[in-house]
Structure formats: structure tokens, C-alpha cells
Amino acid sequence: MKEQYLKTNFGKMYLYLLDRNNKKTIVWLHGWGMSGKEFNNFGDELLEYNHLFLDLMGFGKSEEPCIAMTLDDYVLILKNIIETLELEDIYLVGHSFGGRIAISYASQYQNESLKKVFLVSAKAFKNKSITCKLKIIRYKIKKKFYFIFNKKRYHQLINNSGSSDYKSATKIMKETLKNIVNKDLKKELQEINCKCIVLGSVNDRTVDYHETLKIYHALKISKIYPFYQANHFLYKEERTKFIKILYKELGSN
């Protein structure tokens, strides 16, 4: 396994390539708060392929970016890595946040080298439900009111608001997360021309299965595999089924 750091405009990024001198390479894109280690052991299962494991900027052994990043920043770094390593036949596997990167990459860089995209518990749409909008309105009203009349409650509100990912992030990564989740990828999904395999759990408490179905229907060429026992990390929680699907889809057109 070849380990190295690559310089980017945002800092050094860590990657490790399991090179079996094969034309086909699986590029693994992890979720928010994770690292490439999440997928290391799949290299021992899928022996007919090279494997590229990335620690996305801000995670694992990669540096925290010097400034807040956008989704397009992550995509451009992925493009540069693929070109630098001269990878040929590429299969993207993106989990959650990594799925967003895979979607955006596939829509922007459509060429013969990108063979297939696997979207695992991916999220692609801004939450535009009435319930969500009402929560945002209530939050903004409270925030403004407390800022004027009760500074203590204001700081409590700020500190206790947001998802667990947001609360645990540094200032730069908080801004990065906001940039990521505020981008709706409906148009990008519709622009993808290669085949996409959509995997999601009906019991996922992080990404609602209705969103998984929306992603599937937005794509031109897609196939969907529902999981029934897993939560958000179906590649670990239903590992055997996940590997069987990968074997099947990697070996087909």
C-alpha cells in the first residue's frame, strides 16, 4: 500500500493507494467525521481492483483546511488526485458526504474513465419541507430576540443548535459543513450520464429513505438496492450484502 500526502490549495491531504497493477480502481469517499480507514478492509475482499482510500480535507490524517471549503473544492481536489495518479477505469463509492462529492464529480467530469458511481446512504437535497422552514424561522426569531434582550440565552442557543456533526466541528469545518449542506444537487443528478447504483436503508435515521428514492428517480441510468437491517452505515451493518452487491455491479456493465 502506497501512502502519501498531496499538497492542495487548502493544506496537505492524506491518501493511500492499494495498487495491484490493474486498470480498474475503486475510489472510496467517506462520510463526514470519518476517514479512509472506514473502507480499508474492503481492499482484502475485492482483490481484482486497485483501491484508493482518501482522508478528505479536515478528516483523518489530512490537515484541516486553511479556509472553509465548498463542495466544488472537494471535487476539484478529487479530479486532481485522479489525474496525478493517472487512474484509468474509475468506480466511485461515496458514503453520505462522500456521496455528495461523487454526485458532483460525476456531473462535472463525464468521460470514459468514470465507469460507475455507487451512492451509499447519500444525501443530495436541501431540506425544503414546511416543518424545516418553520424551525428555521423560529430559530432566527429567537436568535434575534435573545441577542437584544438576553445575551446568556443567546450564547446557549448558538452552542446548542445544529446537528452533532456541526456542534463537534471547528469554526472552519462548521462553515465548510454549511457550504456543503446548503447546496442542492438535483440538477447535478439529472446531468450524470454514467450508471449509478443507489444503496440506502429504510431504517436510516440520518438520511430518510424517501431521499434515497428521490436520488434514484432523478438519475438517468440507475439501479436501487434497499437495505432493511442497517441504519446509516449499511456497509458495516449489512457488510455481506453490501459486498455481494459490489461484486455483482462491478462485474456488470
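All residue numbers in this chain count up from 1 along the given sequence. Computed over heavy atoms, backbone and side chain alike; hydrogens, waters and symmetry mates excluded.
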request  = Give every residue pair that meets the salt bridge (Lys or Arg N to Asp or Glu O under 4.0 Å) criterion with at least one member in residues 224-237, sequence neighbours excluded.
outcome  = Glu38-Lys236
request  = Please work out which of the three classes, parallel, tilted or perpendicular, describes the rings of Phe242 and Tyr235, given edges at 30° and 60°.
outcome  = tilted
message = Met69 and side-chain contact (heavy atoms from CB on, under 4.5 Å): which single residue from Met57, Glu175, Met173 fits?
response = Met57
message = Tell me if the centroids of the rings in Phe39 and His30 come within less than 6.0 Å of each other.
response = no
Under the side chain to side chain contact (heavy atoms under 4.5 Å, CB included) test, residues paired with [X] that sit two or more places apart:
| X | result |
| --- | --- |
| Asn203 | Ser201 |
| Ala106 | Leu114, Val117, Ile192 |
| Glu45 | Arg239, Ile243 |
| Lys37 | Tyr16, Ser35, Asn40 |

inquiry  = When you compare the side chains of Asn193 and Lys220, does any donor N or O come within less than 3.5 Å of an acceptor on the partner?
reply    = yes
message = Testing the 3.5 Å rule here: is there a donor-acceptor pair between the side chains of Tyr225 and Lys223?
response = yes
For residues 209-217, dump all side-chain donor-acceptor pairs below 3.5 Å to protein atoms at least two apart in sequence or in another chain.
from: Glu211; atom 1: OE1; to: Lys123; atom 2: NZ; distance (Å): 3.0
from: Glu211; atom 1: OE2; to: Ala124; atom 2: N; distance (Å): 2.8
from: Glu211; atom 1: OE2; to: Phe125; atom 2: N; distance (Å): 2.9

query = Do Ile103 and Leu119 touch side chain to side chain, with heavy atoms closer than 4.5 Å?
reply = yes
task = Of all the heavy-atom pairs spanning Lys241 and Pro226, show the shortest one and how long it is.
result = NZ-O, 2.7 Å
request  = Kindly write out the residues that satisfy side chain to side chain donor-acceptor pair (under 3.5 Å) with Thr176, not counting sequence neighbours, or none if the list is empty.
outcome  = none
request  = Mind checking side chain to side chain donor-acceptor pair (under 3.5 Å) for His51 and listing every partner two or more places apart, or none if nothing turns up?
outcome  = Trp28
Salt bridge (charged side-chain N to carboxylate O under 4.0 Å, His left out) partners for Lys248, two or more places apart = none
query = Mind checking what makes salt bridge (charged side-chain N to carboxylate O under 4.0 Å, His left out) contact with Asp208, not counting sequence neighbours?
reply = none
key: side chain to side chain donor-acceptor pair (under 3.5 Å) pairs, two or more places apart, involving residues 63-78   = Glu64-Thr170, Thr70-Asp73, Asp72-Gln108, Asp72-Lys183
Tabulate below the donor-acceptor pairs under 3.5 Å that side-chain atoms of residues 82-91 make, not counting sequence neighbours, or state none.
from: Glu83; atom 1: OE1; to: Lys79; atom 2: NZ; distance (Å): 3.4
from: Glu83; atom 1: OE2; to: Lys79; atom 2: NZ; distance (Å): 2.9
from: Thr84; atom 1: OG1; to: Asn80; atom 2: O; distance (Å): 2.7

